[in-house]
Structure formats: structure tokens, C-alpha cells
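Heads up: the structure comes next, in C-alpha cells.
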Amino acid sequence: TPIFDADGHVLGSFAVYYLRPGPPAAQHRRLIEFATDTAAIAIGRTRSERALRESEARYRTLIDMMPVGVLLNRGGKIVHANSAGAQILGLAGAGQALGANLFDFVPEHLRDTLRARNRQVEAEGKSVPALEFELLRSDGSRIDVEIMGVPVSIGDERAVLSLWRDVTKRKRMQAALRESEARFRSLTELSSDWYWEQDEELRLSFQSSGFDLSSGTKSAQLLGKRRW
């Protein structure tokens, strides 16, 4: 007798052998039907559990290979972390992050904000936009990070999957650029020469005060206009 799954696909067969040839009795047919139904349920469950384990293994492999930090938390307690996430927190390996309180790595004045965001994702199932803040690493150092969170399910419970990026270098470069621009503008203000900047469409975006002195025209009147 073939064993079918819920979609009608053959999973195997079930056979009963008798000492004498002949059709099975009614009670034996009921026994065979019960046995094949039970076997179909057991085989289907085994295959589903195996597929789930394989899917989880692929998911964890993908997470572990990601270059950005990935932290999975439930109620603020870290239940999974990849190597990049542990490194961002200042930990030696992903195993050290398990069971840690995520909010211990957040400055005290931001903890209520992060807890509220976490609750929004976990309770309401809503993603939250990216947020930048200063992270307190386990070794006492501080770095600037950008995080965003999305809801995921672990069994019957919802958890928060957050992506963490170290943006310290980017913020330092932005600060250095602002300082450089400020120094440049200070030098142009001290000079009697005329300095100007144009955008990609050749419109004036900056003019030094030397232009005002030499032309008698206010720079603000020409900003946004082309020189010709």
C-alpha cells in the first residue's frame, strides 16, 4: 500500500505478508490504513524538521558571512550575533555576546530611546529607521555606529534583528572636511582677492567678501546664478 503525503506525493509503501495467499481481512485493511496514515505523518514531520534545520543552518551561515554587524535580541537579551557584531561590541567572539544585555553597550542618556525602538519592533512588528549614536564597547572605547532594526520570528515569539555599521571613519572624514572648508573660507575672508565656487551646473555657490569690496555688489544677490 503506498504512503502519500498531504499533496498526494508518494513517500513510501507499507506491506503486510500472510502465510496463506488471499485478500486481507477488513480489520487488517483498517490496520494498514491506520499504519500508512501514521507513517505519512511521521515521515512528513521528519522531513519538515530536517528542512527547517537546513534552512536555519543556511540562515546562520549567511548571517555569519555578512560584513556588517548582525545582532538578534529578544527583550534586549542577545540570542545570536555574527562575528562582525561581536567585533563592533568589542568582544573576542560571537559566543561572548550570547546572553548579554544589548542596552549595556548604549550610553545611559540613549537607553530609553533604544528600549522604545526595540519595543516598537518587537511588540508592533514594525521596522525602525536607521539611527546613529555613540556605542560603549566592552573594552571601554567608544565608536560611532548606525543601526536599524526589523522584526523576525523565533518559534512563536517575535524578536528584533538589528544591523550595525561602524561609521566612525565616515564621521571623522565628514568632520575633517567641515574643518577644512571652514579654514578655507576663513582664509578667503582675510584676502582682498576674489574667490568663488560653482556647483555642477556652473551656478555660484560661494563668493568671498573680496568680491563685495571690489564690486560694490552683495554676494547674496548673485548666489545661485551663473557668471554668464
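Because only heavy atoms are used, hydrogens play no part in the values below, and waters and symmetry mates are left out as well, while side chains stay in.
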Mind checking whether [X] and [Y] sit in one hydrophobic cluster, side chains of I, L, V, M, F, W, Y counted as touching below 4.5 Å?
X	Y	answer
F133	V167	no
W164	V160	no
M148	L161	yes
L72	I147	no
L136	L114	no

Tell me, please, which residues at least two apart from [X] pass salt bridge (charged side-chain N to carboxylate O under 4.0 Å, His left out).
X	result
R165	E146
R142	E134
E108	none

Distance check, rounded to the nearest 0.5 Å: [X] atom [atom1] versus [Y] atom [atom2]?
X	Y	atom1	atom2	result
R117	L110	CZ	CG	10.5 Å
N73	N118	CG	CG	4.0 Å
Q174	R172	CD	CZ	13.0 Å
S138	I88	OG	CD1	12.5 Å
T113	L131	OG1	CG	8.0 Å

Report task. List for me each residue that meets side-chain hydrogen bond (donor to acceptor under 3.5 Å, both in side chains) alongside E132, sequence neighbours excluded, and say none if there are none. Result ->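 So E132 forms a side-chain hydrogen bond (donor to acceptor under 3.5 Å, both in side chains) with R170.
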
Query raised in the report: Donor-acceptor pair, R137 side chain versus Q87 backbone, under 3.5 Å?
Result: yes

Side-chain donor/acceptor pairs under 3.5 Å, residues 90-105, sequence neighbours excluded:
from : atom 1 : to   : atom 2 : distance (Å)
Q96  : OE1    : A92  : N      : 3.3
N101 : OD1    : F103 : N      : 2.9

Closest heavy-atom contact between [X] and [Y]?
X	Y	answer
V68	N82	O-ND2, 3.0 Å
V150	V121	C-CG1, 3.5 Å
R158	G125	NH1-N, 3.3 Å

Query raised in the report: Less than 4.5 Å apart, any side-chain heavy atom of L71 and any of L163?
Result: no

Query raised in the report: Which hydrophobic side chains are connected to M173, either touching it within the sub-4.5 Å cutoff or through other members that do?
Result: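 Its cluster partners, ordered by chain and number, are none at all.
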
Query raised in the report: Should R74 and E157 be marked as a salt bridge (Lys or Arg N to Asp or Glu O under 4.0 Å) after you check the CA-CA gap, both sets of side-chain angles, and the distance that decides it?
Result: CA-CA 9 Å; R74 191 161 47 198; E157 298 184 11; 3.6 Å; yes

